[in-house]
Each structure stands twice: as C-alpha cells, then as structure tokens.
2 protein chains.
Amino acid sequence: MQPTAQISPAALSQKLADSGLRNTPQREVVYSVLVGKRDHPTADEVFARVKSEMPTISLATVYNCLEALVQCNLVRQVNFERGPTRYCPNLHPHAHFHDEATGATYDIDLPPALLEQLRSQLPSGYRASDVEITFRGQATA
Amino acid sequence: MQPTAQISPAALSQKLADSGLRNTPQREVVYSVLVGKRDHPTADEVFARVKSEMPTISLATVYNCLEALVQCNLVRQVNFERGPTRYCPNLHPHAHFHDEATGATYDIDLPPALLEQLRSQLPSGYRASDVEITFRGQATA
DNA sequence: CCTTTGTTTAGAATTATTCTAATTCTTACT
DNA sequence: AGTAAGAATTAGAATAATTCTAAACAAAGG
Ligand SMILES: [Mn+2]
Ligand SMILES: [Mn+2]
Ligand SMILES: [Zn+2]
Ligand SMILES: [Zn+2]
C-alpha cells in the first residue's frame, strides 16, 4: 500500500496529450492528490484534499479532471454497489477488497494466470475487454 | 439462460417469513416477473412489467418488494458502474457479462474451485463474505 | 370487533453526477 | 505584441435513481 511511482509532470502532460487533452494546474494537483493517498477517495474527498492546495478549484472541475485522468488511463474508476465512484491510480491489474465495516478499500494483487483462467470461462463469442473483481467482507488486519 | 426453477408461492412465503416479512400479492408478482424474464431488469423495467399484471402498483412498492426479496436471499442485486441497480433471481454463484454495445447482461457460470482460488489470493486477515466478478465487453454470439 | 404491526402508496427529499452558459486560459497565427 | 479559436474552469441549474415521509390500507391475533 506504499505510494506508487509518481509519474513526472512531463509524463502526465504527455499522457494527456496522447488523448488530445491539455495539462492544467488543476489536473496536476488532482492527480498528485490521488497518488499521494491511495485510499480510493470519492470525488468529494478529492475535492476536499485539492482545496487545501488550490482553494479556488470547483467541484465541477474536480469531476472534469478526474474524467480526463480516467480517459487517458492514468486513473481507474472503482464502484461498490451504488455508492459514489472512487478513484484509483494503481494501474496494475488488481482486485478490490471493500471492508463493509469501515468502508475502507484495499488493492488486492492477482496473478495474471488467474485472470486468464477467469477469462477462459467465457463461452465463445464473449470477448471481454475488462474483468472486474470485488471482494466484500471484513478485514481484521 | 432458460427460466430457472420457479419456487412455489408457499416457498416464497416461507422464505419471506424466515426474514420476518409477510407475503403479499405485490411481492409475488414482482418475484414472478423476475423469474419470468431473467434479463437483469432495473427497478423501472420491473415496474413496467408488473404494471401490466397489477396496474395499481406503485414504483415505491416495486422498490420495497425488490428490497424484501433481496433481504430474504431470493434475488441478488447487480450493479455496473453507476448505472441503475439490476435484479437477478439466479441464486447459483455466478459472474456477469455486461455487453457494452447492447447493454445486455448475461450470467456466466464459474467453477467453485476457481472462486476458491480467487478467495485464496486474499492476504490473511481479509475475510470475504462475497466475491463479485464482472466481465465487460462485446458478445458476438 | 379492536389493536397492533406490517405494507402500500404518492409525493417530497436526497445524493451523486452531469449539463449549461458565462468567463478565463492557452495556443497558434499574423 | 495582438488577435482569434479552441479548451478548460466555474457556479449554479438540472437530472436520475433511490430513499424517505406520512397517510391510508390490510392482515393477524386477542
Ligand atoms: Mn460500504
Ligand atoms: Mn453499459
Ligand atoms: Zn485500486
Ligand atoms: Zn445474474
């Protein structure tokens, strides 16, 4: 759960450019907030964290920035039931564990072979671009 | 994808009673609509189908009935991203395939051994009461 | 019957998110 | 530099799914 390799501002700009998007101070700070505390915050939580660094930013902009980061594949959206969307900058394929008691979310690494095994369960004709795995329960650690 | 074994009204009543709930005509028709067409309908879709049999039912009641059926474990809720909750009367452990193009949802059976393998990936201290697996992609069948 | 408790219902409220339209910023040309 | 065009930001309104509220209705038990 240690902070992931932060990509450089230049790399961020490049990734955005690859999707036809510009870099902006808002996008940089939203991204840095996400990598700074990888606890799968909601847009509201990101907003609160970003405001302390950039008090004039608006919630709409936070939503826009998050959308931009998702679009250029620097951030993943994570959903539990109908709760607010959460944001995850961990790009390695991984599953999520949602602790029902505390609401905390943990990344769970999965061996690629297991993911392949899962995919292989699909009947022919089903082409999956993505597999999403969520554990729900209680973490006593 | 054939209609699953319909449980009898008596069994439905029993299941409801087990959770301290009564059976009602509304709950029976909501349940029968779900088993009648197992395409993972939303509450709105259930509402539309139920209305043709019971035109006076309200949307609030459909939500209440669905909640009751979920509570007594006759129906599962299924969510894709932030879309409206869908309802599934297939009680066997299974995954879902969500066709991005058509919006259709298919049940995918999984060998219990594979589910066990997934669970075994959890670090000690993580007790999962539930695993949820969703494929996203395109079904050409 | 009468009471209690559960259920249904219509409509209001809530919540997360998206949309709108005005302003500001960047970029690229002249 | 000066200007036009396109992008991004912003505040606030709108939307959509769901839940809540409070009143009416129904069933069950004494
Ligand atoms: Mn939760
Ligand atoms: Mn879809
Ligand atoms: Zn994650
Ligand atoms: Zn299903």
Side-chain angles (χ1 to χ4, degrees), chain A residues 9-10 12-31 33 40-48 50-51 53-72 74-87 103 105, chain B residues 9-10 12-31 33 40-48 50-51 53-72 74-87 103 105:
Chain A
L12 172 57
S13 290
Q14 188 50 57
K15 274 286 203 177
L16 285 163
D18 290 348
S19 298
L21 299 164
R22 293 181 186 166
N23 193 8
T24 67
Q26 288 87 348
R27 286 171 182 173
E28 275 190 21
V29 62
V30 165
Y31 181 67
V33 152
H40 304 84
T42 63
D44 265 335
E45 289 164 346
V46 172
F47 182 44
V50 166
K51 260 197 302 199
E53 266 186 82
M54 186 183 269
T56 60
I57 199 173
S58 75
L59 177 57
T61 297
V62 169
Y63 272 104
N64 290 342
C65 291
L66 290 169
E67 187 190 9
L69 294 170
V70 167
Q71 201 137 356
C72 70
L74 283 171
V75 169
R76 276 179 56 186
Q77 294 184 305
V78 178
N79 292 101
F80 301 121
E81 342 247 82
R82 290 265 319 161
T85 297
R86 299 173 169 279
Y87 295 87
T105 299
Chain B
L12 171 57
S13 291
Q14 187 53 56
K15 274 285 202 179
L16 285 163
D18 290 349
S19 298
L21 299 164
R22 293 181 188 165
N23 194 6
T24 67
Q26 287 88 347
R27 286 170 182 174
E28 275 190 20
V29 64
V30 165
Y31 182 67
V33 152
H40 304 84
T42 64
D44 264 336
E45 288 164 347
V46 172
F47 182 44
V50 165
K51 261 198 300 199
E53 268 186 80
M54 186 183 270
T56 61
I57 200 172
S58 75
L59 177 58
T61 297
V62 169
Y63 273 104
N64 290 342
C65 292
L66 290 169
E67 188 190 6
L69 294 170
V70 167
Q71 201 138 355
C72 71
L74 283 170
V75 168
R76 275 179 56 185
Q77 293 184 303
V78 178
N79 291 100
F80 300 121
E81 342 247 82
R82 291 264 318 161
T85 297
R86 298 173 170 279
Y87 295 87
T105 300

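We name chains A, B, ... by the order of the sequence lines, and we start the count at 1 in each one.
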Can you check the L66(A) CG to dT9(D) P distance for me, whole Å? 11 Å
Decide yes or no for N64(A) and Q26(A): does some side-chain heavy atom of the first lie under 4.5 Å from some side-chain heavy atom of the second? no
Ignoring backbone atoms, test whether T24(A) places a side-chain nitrogen or oxygen under 4.0 Å from the OP1 or OP2 oxygen of dT9(D). yes
Can you check whether G83(A)'s main-chain N or O pairs, donor with acceptor, with R82(B)'s side chain at less than 3.5 Å? yes
Between F47(A) (CZ) and dT9(D) (C1'), how many Å, whole number? 12 Å
Contact summary for H40(A) and V78(A), nearest pair of heavy atoms: CD2-CG2, 4.2 Å
Whole-Å distance, E67(B) CD to dT7(C) P, equals 11 Å
In B/S/- notation, 5' to 3', how is nucleotides 9-26 of chain C contacted by protein heavy atoms closer than 4.0 Å? BB-----SBB-------S
Looking at every heavy atom in both L16(A) and R22(A), which two are closest together, and how far apart are they? CD1-O, 3.6 Å
Quick one: are E28(B) and L12(B) in side-chain contact, heavy atoms under 4.5 Å? yes
Give the minimum heavy-atom separation between Y87(B) and T42(B), together with the two atoms involved. CD1-C, 4.5 Å
